[in-house]
Amino acid sequence: MSEANTSETAAVSIRHLSKSFDDVEVLRDVELEVKTGEVVTIIGSSGSGKSTLLRCINWLEQPDRGSIHIAGQRIGVNDAGRPMPVRELAKVRAKTGMVFQGFNLWPHLNVLHNVTEAPIHVQGKSKREAEELATALLEKVGMSHKHDSYPNTLSGGQKQRVAIARALAMQPTVMLFDEPTSALDPELVGEVLAVIKDLSAEGYTMVMVTHEMAFARAVSDQVVFLEKGLIIERADPETFFTTPKTDRVRKFLENHDTPSPG
Ligand SMILES: Nc1ncnc2c1ncn2[C@@H]1O[C@H](COP(=O)(O)OP(=O)(O)OP(=O)(O)O)[C@@H](O)[C@H]1O
């Protein structure tokens with residue numbers, strides 16, 4: 001059978017992933033396995049390759065070497081080792097729900113239609129089915145009262161909660177969050193983190209790049225530390241935050257808003 005079957009138990013399986021921009025190797029032989037229901041946070045200093053790793057998972061960036069399987073299916077490369085046709089790639093990519101730092105909502109669509117757009121036009125759901133799902137998801141993120149508002153009338157925290165509902169509407173295997181609170185005013189961070197925390201409690205599989213250390217500690221099953229494109233530590237959050245193995249991580253945690261033990 002195809003190699004896809006070797007990874008079918010993991011939500012995401014990344015093997016020997018490398019990526020360069022120009023001559024700079026930004027990811028170096030990265031290996032990562034995300035089990036179904038697991039929350040993995042990726043942390044590290046600026047420029048260490050966190051966003052690039054996340055963007056490789058859904059092929060927004062194409063790696064130079066290595067493989068990525070999502071729910072057992074390889075993304076970007078077909079069984080014959082050739083680049084996937086666009087339609088096939090779109091199908092695999094739809095197994096991921098991406099939430100960006102900058103929300104990326106459609107400005108000309110109201111909240112409800114931002115959430116129903118892809119289920120109707122990509123998945124072929126009926127308008128009624130898509131609207132029922134969107135209504136339930138907007139309820140989940142506390143935004144159902146704004147269903148007919150347009151993005152420019154929402155706060156950053158509200159926009160990000162709609163963006164989360166929109167990603168969930170495709171019923172992805174894995175949610176990918178790229179610094180989802182970095183663009184928010186500090187007082188709006190909490191409402192978005194609360195939504196993500198609820199999702200983790202509900203068993204959603206998530207990979208998240210974040211600078212919010214207390215949050216990473218609270219929600220993660222696995223914390224991964226990237227340094228110059230290499231994973232130099234990975235551990236459960238308790239171990240990672242209380243007994244880091246390397247001086248590099250110890251120093252990083254000293255300089256960040258590290259939560260106190262316990
Ligand atoms: N499209 C691109 N073209 C050229 N270089 C890039 C591109 N995207 C990222 N890089 C470079 O790759 C390196 C890793 O970038 P990346 O955004 O993955 O880091 P990061 O760890 O997410 O950083 P930050 O925390 O600042 O967002 C950086 O040196 C960055 O300048």
Side-chain angles (χ1 to χ4, degrees), residues 12-32 34 39-68 70 75-77 83 86 89 93 96-104 156-157 159-160 163-164 167 174-186 188-189 192-193 196 206-217 219-220 222-235 237 240-241 244 246-259:
V12 180
S13 179
I14 300 175
R15 308 297 309 275
H16 299 300
L17 190 74
S18 296
K19 168 79 181 166
S20 295
F21 288 115
D22 304 319
D23 287 337
V24 180
E25 207 170 16
V26 172
L27 295 175
R28 297 191 275 162
D29 204 30
V30 168
E31 302 256 324
L32 181 64
V34 183
V39 179
V40 175
T41 49
I42 302 168
I43 65 179
S45 53
S46 182
S48 57
K50 305 180 297 295
S51 291
T52 304
L53 173 56
L54 203 71
R55 292 165 63 83
C56 282
I57 294 176
N58 64 3
W59 220 251
L60 287 178
E61 295 291 355
Q62 295 185 16
D64 301 325
R65 284 185 301 283
S67 65
I68 299 161
I70 300 169
I75 188 165
V77 178
V86 173
L89 175 61
R93 185 178 277 147
T96 69
M98 184 89 163
V99 176
F100 299 89
Q101 194 177 337
F103 328 124
N104 297 12
K159 283 183 204 169
Q160 194 58 300
I164 292 170
V174 58
M175 289 283 286
L176 307 173
F177 292 89
D178 192 1
E179 298 190 28
T181 59
S182 295
L184 300 178
D185 289 338
L188 302 178
V189 168
V192 172
L193 294 184
I196 300 172
M206 305 197 271
V207 182
M208 180 163 27
V209 173
T210 185
H211 293 285
E212 300 280 344
M213 295 301 129
F215 182 68
R217 183 167 179 176
V219 301
S220 306
Q222 190 183 167
V223 182
V224 167
F225 189 90
L226 263 186
E227 172 77 354
K228 295 181 182 150
L230 278 177
I231 294 182
I232 63 165
E233 282 201 40
R234 70 179 86 211
F240 182 86
F241 286 105
T246 60
D247 286 342
R248 176 68 194 102
V249 171
R250 210 166 296 127
K251 196 159 216 160
F252 178 91
L253 293 177
E254 276 166 18
N255 291 329
H256 285 73
D257 179 23
T258 312

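Remember, it's 1-based here, ligands and their atoms both numbered in the order they're listed.
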Enumerate the atoms of ligand 1 whose separation from the nearest heavy atom of [X] is less than 4.0 angstrom.
X	answer
K50	18 (O), 19 (O), 20 (P), 21 (O), 22 (O), 23 (O), 24 (P), 25 (O)
V26	12 (O), 13 (C), 14 (C)
H211	25 (O)

Between [X] and [Y]: side-chain donor-acceptor atoms closer than 3.5 Å:
X	Y	answer
T246	E233	yes
T210	T41	no
D29	S18	no

Self-check item: Lys/Arg N to Asp/Glu carboxylate O, E227 vs R28, below 4.0 Å
Solution: no
Quiz item: Any non-hydrogen protein atom below 4.0 Å of atom 30 (C) of ligand 1?
Solution: no
Exercise. Kindly state if atom 20 (P) of ligand 1 has a protein heavy atom within a strict 4.0 Å cut-off, that is, under 4.0 Å?
Key: yes
Quick one: nearest non-hydrogen protein atom to [atom], plus distance?
atom	result
atom 27 (O) of ligand 1	E179 OE2, 3.2 Å
atom 1 (N) of ligand 1	F21 CE2, 3.6 Å
atom 16 (P) of ligand 1	T52 OG1, 3.6 Å

Quiz item: Sequence neighbours excluded, which residues qualify as salt bridge (Lys or Arg N to Asp or Glu O under 4.0 Å) partners of D23?
Solution: none
Quiz item: Which is closest to atom 23 (O) of ligand 1 by heavy-atom distance: G47, S20, S45, S51?
Solution: G47
Practice problem: Can you figure out which of G49, G229, S46 has its heavy atom closest to atom 24 (P) of ligand 1? | Solution: S46
Practice problem: Kindly say whether N58 contributes a backbone atom to a donor-acceptor pair with the side chain of R93 at under 3.5 angstrom? | Solution: yes
Quiz item: Could you walk me through whether F100 and R55 pass the side-chain contact (heavy atoms from CB on, under 4.5 Å) check?
Solution: CA-CA 10 Å; F100 299 89; R55 292 165 63 83; 4.2 Å; yes
Quiz prompt | Parallel, tilted or perpendicular: ring planes of F225 versus F252, cut at 30 and 60 degrees | solution = perpendicular
Quiz item: Would you say R55 contacts ligand 1, with heavy atoms under 4.0 Å as the rule?
Solution: no
